[in-house]
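As structure tokens, the structure follows; a few thoughts come after it.
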Amino acid sequence: MAFREKGSKIIIKTPEQIEGIRKSSMLAGNTLNIVAPYVKEGVTTDYLNKICAEYINDNKAKAATLGYHGYPKETCISVNDVVCHGIPGKYELRDGDILNVDVTTILNGYFGDTSKMYTVGNVSEHAQKLIDVSRECLRIGIKQCFSGNRVGNIGYQINKYATSNGFSVVYEFCGHGVGIRFHEEPEISHVDEKNTGAVLLPGMIFTIEPMINAGKSRCKIDKNDGWTARTIDGKLSAQFEHTILVTESIPDILTDVDGEYPKK
Ligand code: MF3
Ligand code: CO
Ligand code: CO
């Protein structure tokens with residue numbers, strides 16, 4: 001069947017693989033909690049990276065980003081107008097900053113991938129709204145993760161919600177299948193068309209990670225480091241990411257260490 005073609009490369013994980021990916025995902029989620037109390041004015045993003053890296057390594061895991069296509073650090077930390085792939089460095093956090101920390105772990109060969117937003121001191125109402133809408137975009141995408149649904153409905157619903165709130169959705173970076181490798185099929189666009197793309201089936205595991213911009217949706221990559229993606233207009237960007245297992249019933253959010261999503 002033609003419409004299944006794209007889905008044919010999607011790995012259906014075995015119960016054993018699922019349990020391995022679940023453990024790695026929990027570790028990635030826990031890392032985001034471990035670093036939270038260190039997010040303060042004056043702290044460098046390099047220091048936050050160090051806290052995450054030590055926790056991951058102490059738990060017999062590896063950070064998947066380190067050395068990935070030459071990426072130099074164990075996390076991505078994206079501050080203010082950085083959309084994604086911010087490289088931790090000497091930047092000292094300031095009052096009013098918003099930032100995303102993105103952690104991908106490899107535990108016993110299995111990958112878990114998650115990210116969330118943090119705030120420094122007092123942030124503007126506008127910035128807080130952007131964060132809240134981004135969190136809700138992930139939740140809305142996750143609602144579409146049921147067996148038999150088509151992948152395009154995830155991005156369709158996310159884009160509809162974000163734009164109705166006056167924000168734009170990044171289309172240059174996507175969610176992705178994950179678990180056995182870092183980036184697998186399917187690609188999860190956060191700006192997509194209704195009832196298009198692969199059919200979701202139990203045992204599929206992928207991320208949803210919408211990047212929501214306060215202004216224009218376009219990004220530009222830093223010429224010097226080749227990684228840092230910033231908004232084209234310098235306005236704020238926010239992102240949340242979870243690793244999601246499609247089941248026979250409701251989606252199982254493997255990186256949800258805070259119990260934000262129902263389990264049954
Ligand atoms: N963790 C990111 C994602 O959500 C990927 C980072 S790749 C890196 O897919 F090389 F930039 F680290
Ligand atoms: Co990801
Ligand atoms: Co990630």
Side-chain angles (χ1 to χ4, degrees), residues 10-11 21-22 24-33 35 45-46 48-50 52-53 55-56 61-79 82-89 99-107 110-118 134-135 137-138 141-142 145 151 154-155 158 169-191 204-212 219-230 237-246 251 253-257:
I10 303 173
I11 304 169
I21 298 163
R22 187 188 300 282
S24 190
S25 295
M26 295 296 277
L27 177 60
N30 287 335
T31 309
L32 296 183
N33 283 341
V35 76
T45 53
D46 235 346
L48 300 181
N49 180 68
K50 183 177 158 250
C52 293
Y55 183 72
I56 293 165
K62 275 187 210 157
T65 56
L66 185 64
Y68 181 76
H69 294 280
Y71 186 82
K73 298 277 174 166
E74 290 88 345
T75 64
C76 296
I77 303 185
S78 302
V79 184
V82 178
V83 173
C84 63
H85 304 165
I87 302 174
L99 59 144
N100 172 282
V101 178
D102 191 336
V103 170
T104 310
T105 47
I106 314 173
L107 180 65
Y110 295 112
F111 291 74
D113 187 5
T114 183
S115 80
K116 70 178 179 189
M117 297 300 294
Y118 302 80
S134 303
R135 190 189 295 104
C137 280
L138 174 55
I142 286 174
C145 298
V151 78
I154 297 170
I158 288 171
V169 181
V170 171
Y171 56 86
E172 293 164 272
F173 299 96
C174 295
H176 50 92
V178 69
I180 309 299
R181 295 190 303 279
F182 197 164
H183 294 108
E184 303 171 4
E185 296 254 35
E187 185 171 88
I188 309 289
S189 170
H190 305 109
V191 186
M204 289 183 182
I205 296 179
F206 51 80
T207 74
I208 301 179
E209 48 183 299
M211 287 140 272
I212 309 301
C219 307
K220 56 173 191 290
I221 310 285
D222 188 296
K223 279 202 183 79
N224 298 310
D225 66 31
W227 284 103
T228 312
R230 292 189 181 81
S237 185
Q239 177 182 31
F240 289 82
E241 173 177 26
H242 273 310
T243 294
I244 297 141
L245 166 69
V246 179
I253 313 311
L254 302 181
T255 42
D256 176 27
V257 295

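Whatever order the structure lists them in is the order used to number ligands and atoms, beginning at 1.
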Distance-only, no hydrogens or angles: does the E187 side chain make a donor-acceptor pair with backbone N or O of C174 under 3.5 Å?
-> no
Angle in degrees, rounded to 10°, that OD1 of D102 and OD1 of D113 form at the Co ion (ligand 3) = 100°
Within ligand 1, which atoms have a heavy atom of [X] less than 4.0 Å away?
| X | result |
| --- | --- |
| T104 | 1 (N) |
| W227 | 8 (C), 10 (F), 11 (F) |
| C76 | 6 (C), 11 (F), 12 (F) |

Assess H183 for proximity to ligand 1: is some non-hydrogen atom of it under 4.0 Å away?
-> yes
Can you find a non-hydrogen atom of F182 under 4.0 Å from ligand 1?
-> yes
Among protein heavy atoms, which lies nearest [atom], and at what distance?
| atom | value |
| --- | --- |
| atom 12 (F) of ligand 1 | T65 CG2, 3.0 Å |
| atom 7 (S) of ligand 1 | Y68 CD2, 3.9 Å |
| atom 2 (C) of ligand 1 | D102 OD2, 3.4 Å |

Write down the atom of [X], the atom of [Y], and the distance for their closest heavy-atom approach.
| X | Y | value |
| --- | --- | --- |
| S24 | G112 | OG-N, 3.3 Å |
| L66 | E74 | CD2-OE2, 3.9 Å |
| I208 | C145 | CD1-SG, 3.6 Å |

Do any nitrogen or oxygen atoms of [X] lie less than 3.5 angstrom from nitrogen or oxygen atoms of ligand 1?
| X | answer |
| --- | --- |
| H176 | yes |
| E209 | yes |
| E241 | yes |

Name of the H176 N, O or S atom nearest the Co ion (ligand 2)?
-> NE2
Could you pull out the atom name of the N/O/S atom in E241 that is nearest the Co ion (ligand 2)?
-> OE2
Using only heavy-atom distances, determine whether the side chains of [X] and [Y] contain a donor-acceptor pair under 3.5 Å.
| X | Y | value |
| --- | --- | --- |
| D113 | T243 | no |
| H176 | E209 | yes |
| T65 | T104 | no |

Counting heavy atoms only, which part of D113 comes closer than 4.0 Å to ligand 1: side chain, backbone, both or neither?
-> side chain
Part of A64 within contact of ligand 1 (heavy atoms, under 4.0 Å) | neither
In D102, N33, T255, the residue satisfying side-chain hydrogen bond (donor to acceptor under 3.5 Å, both in side chains) with K116 is N33
What's the verdict on side-chain contact (heavy atoms from CB on, under 4.5 Å) for S134 and M117, showing C-alpha distance, side-chain angles and the deciding distance?
-> CA-CA 9 Å; S134 303; M117 297 300 294; 5.6 Å; no
Between atom CD1 of I10 and atom CD of E184, what is the distance when rounded to the nearest 0.5 Å?
-> 10.0 Å
Residue E209, metal the Co ion (ligand 3), N/O/S under 2.8 Å = no
On the 0 to 90° scale, with breaks at 30° and 60°, tag the W227-Y71 ring pair as parallel, tilted or perpendicular.
-> perpendicular
